[in-house]
Amino acid sequence: VEAARALATRTLAEAATDDERLARMFRRCTSRAPDAGELALLRDALGAFRERYRAAPEDAAKLVDIGESPTPESLDRTVLAAWTMLANALLNLDSTIARS
């Protein structure tokens, strides 16, 4: 979870739009750009994670506080939690674990 949070934090700092962030995060994990279908799935997943953590901000705070590295105070915890969960999912893809 802490590695996913670090990836999410870095991605949020490096790109301005969701699509840029999604493509950058996907490329960083898989070494390739997402196709249109994958990008749509990433958008849907991010939307679901956003809804989940907006509805339960205390869960977002618990999630982003896991680990030893400090959580950036400048980032909204619900936003960071949503991106952390997306990063966690990407880090667990077969194509991330076993790059061709």
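Just so you know, residue 1 is the first one in the sequence shown, and it goes up from there. Here the structure is a predicted model, which is why all the values come from computation and not from measurement.
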Give the intermediate values and the outcome of side chain to side chain contact (heavy atoms under 4.5 Å, CB included) for residues Leu75 and Val64.
-> CA-CA 10 Å; Leu75 292 176; Val64 299; over 6 Å; no
Side chain to side chain contact (heavy atoms under 4.5 Å, CB included), paired with Arg43, selected from Leu39, Leu46, Leu41 = Leu39
Can you spot which of Thr11, Leu91, Leu7, Leu22 makes a side chain to side chain contact (heavy atoms under 4.5 Å, CB included) with Leu86?
->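 For Leu86, the side chain to side chain contact (heavy atoms under 4.5 Å, CB included) test succeeds with only one of Thr11, Leu91, Leu7, Leu22, which is Leu22.
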May I ask you to decide whether [X] forms a salt bridge with [Y], counting only side-chain N to carboxylate O separations under 4.0 Å?
X: Arg32; Y: Glu38; value: yes
X: Arg54; Y: Asp59; value: no
X: Glu14; Y: Arg10; value: yes

Establish, from distance only, whether the side-chain atoms of Asp19 and Thr17 form a donor-acceptor pair under 3.5 Å.
-> no
Measure the shortest side-chain to side-chain distance between Arg77 and Thr71 over non-hydrogen atoms and say whether it is less than 4.5 angstrom.
-> yes
Hey, what do you get for [atom1] ([X]) to [atom2] ([Y]), rounding to the nearest 0.5 Å?
X: Phe26; Y: Ser95; atom1: CZ; atom2: OG; answer: 5.5 Å
X: Glu2; Y: Asp65; atom1: CD; atom2: CG; answer: 11.0 Å
X: Tyr53; Y: Leu63; atom1: OH; atom2: CG; answer: 4.5 Å

Apply the test side chain to side chain contact (heavy atoms under 4.5 Å, CB included) to residues Arg21 and Trp83: give CA-CA distance (whole Å), side-chain angles for both, the deciding distance (0.1 Å), then the verdict.
-> CA-CA 10 Å; Arg21 290 171 175 161; Trp83 281 96; 3.3 Å; yes
Under 3.5 Å donor-acceptor, Arg5 side chain and Ile66 backbone = yes
Short question: side chain of Asn88, backbone of Thr84 - any donor-acceptor pair under 3.5 Å?
-> no
Assess whether side chain to side chain contact (heavy atoms under 4.5 Å, CB included) is satisfied between Leu42 and Met25, documenting all intermediate values.
-> CA-CA 10 Å; Leu42 293 170; Met25 186 181 282; over 6 Å; no
What closest approach, in Å, do Ala81 and Ala60 show between heavy atoms, and which atom pair accounts for it?
->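 Minimum heavy-atom separation between Ala81 and Ala60: CB-CB, 3.6 Å.
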